[in-house]
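Beneath this line is the structure, given in structure tokens, with notes to follow.
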Amino acid sequence: MGDEAAHGLGLDVRACRLGTIPCAALLAASAVSICGLLSFVGLIVPNLVRMWARPTTRQGLALCALWGAALLVACDLVARTIAFPYELPVGLVLALLGAPFFMALLARRGRKHGSHSVAAGRGGEAA
């Protein structure tokens, strides 16, 4: 459902967005804090798969498993070799990779959804 349809059904789209984004961020942060930074893979990989492959649900599950394993192995390889003979925590490498990824993802979605107002979609009259 788009912004215009939700507004037409009586939903305050801006208020709903302002309320759900912090809730989603807190839920993701609590999952990562309980499970550890390696669970960050489960937040990064499905977004990457959807952006690059556009799979069906069944294909997406298999691709997420393969890409998640590949990402974890690549981050482990970087963590072991970047400061040889010492090892960095894999979670640190994942966090350094994931934080800019999510910032870019939020900026991209913000441009897509925040560039127009609901009033502009109704012919430009003020609400």
Side-chain angles (χ1 to χ4, degrees):
M1 180 177 356
D3 288 350
E4 291 82 17
H7 183 73
L9 291 172
L11 181 69
D12 185 2
V13 176
R14 185 167 186 249
C16 185
R17 225 179 245 134
L18 287 175
T20 55
I21 290 175
C23 287
L26 285 173
L27 287 171
S30 64
V32 169
S33 70
I34 290 171
C35 299
L37 283 174
L38 294 182
S39 65
F40 210 53
V41 172
L43 297 173
I44 296 172
V45 171
N47 287 298
L48 286 173
V49 168
R50 267 186 261 129
M51 280 177 14
W52 287 332
R54 304 276 185 215
T56 63
T57 304
R58 186 172 294 172
Q59 293 169 338
L61 188 60
L63 283 174
C64 283
L66 290 173
W67 285 23
L71 178 67
L72 198 54
V73 167
C75 287
D76 184 50
L77 182 67
V78 168
R80 289 174 186 258
T81 58
I82 199 165
F84 186 77
Y86 305 105
E87 284 187 28
L88 295 175
V90 178
L92 177 68
V93 177
L94 279 170
L96 291 174
L97 178 70
F101 172 76
F102 278 117
M103 297 292 273
L105 188 65
L106 284 173
R108 180 176 161 207
R109 294 205 180 177
R111 281 194 309 265
K112 187 193 302 186
H113 294 296
S115 62
H116 67 283
S117 67
V118 175
R122 294 181 292 148
E125 68 268 10

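Computed from a predicted model, the values in this text were never measured in an experiment. Side chains are part of it too, since the values below use all heavy atoms of this structure and drop only hydrogens, waters and symmetry mates.
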(request) Would you please name every residue forming a side-chain contact (heavy atoms from CB on, under 4.5 Å) with Glu87, sequence neighbours left out? (result) Arg80
(request) Run the salt-bridge test on Arg17 and Asp3 with the 4.0 Å N-O cut-off and return the result as yes or no. (result) yes
(request) Looking only at non-hydrogen atoms, find the nearest pair between Ala28 and Leu43 and report the distance. (result) CB-CD1, 4.3 Å
(request) To the nearest 0.5 Å, tell me how far Gln59 CD sits from Cys64 SG. (result) 11.5 Å
For a quick test of your reading: what N or O donor-acceptor pairs under 3.5 Å do the side chains of residues 91-100 make, sequence neighbours left out?
none

(request) Calculate, to the nearest 0.5 Å, the distance between atoms CG and CD1 belonging to Leu26 and Ile21 respectively. (result) 12.0 Å
(request) Any pair with a residue in residues 60-97 that passes ring-ring contact (aromatic ring centres under 6.0 Å, His included), sequence neighbours left out, goes on the list, sorted by first then second residue, please. (result) Trp52-Trp67
(message) For Leu61, is the CG atom crowded, meaning more than 12 foreign heavy atoms sit under 6.0 Å from it?
(response) no
(message) Rounded at 0.5 Å granularity, tell me how far CD1 in Ile44 sits from CZ in Phe102.
(response) 5.5 Å
(request) Mind checking the CG-CG spacing from Asp76 to Leu71? Nearest 0.5 Å is all I need. (result) 11.0 Å
(message) If hydrophobic clusters are built by linking Ile, Leu, Val, Met, Phe, Trp and Tyr wherever their side-chain heavy atoms come under 4.5 Å apart, do Val49 and Phe101 end up in the same one?
(response) yes
(request) Please round to the nearest 0.5 Å and tell me the distance separating atom CG of Leu48 and atom CG of Leu63. (result) 11.5 Å
(message) Between Leu105 and Met51, is there a side-chain heavy-atom distance shorter than 4.5 Å?
(response) yes
(message) How close do Cys23 and Gly19 get, counting heavy atoms only, and between which atoms?
(response) SG-O, 3.3 Å
(message) Using 0.5 Å steps for rounding, measure from the CG atom of Leu77 to the CD1 atom of Ile82.
(response) 10.5 Å
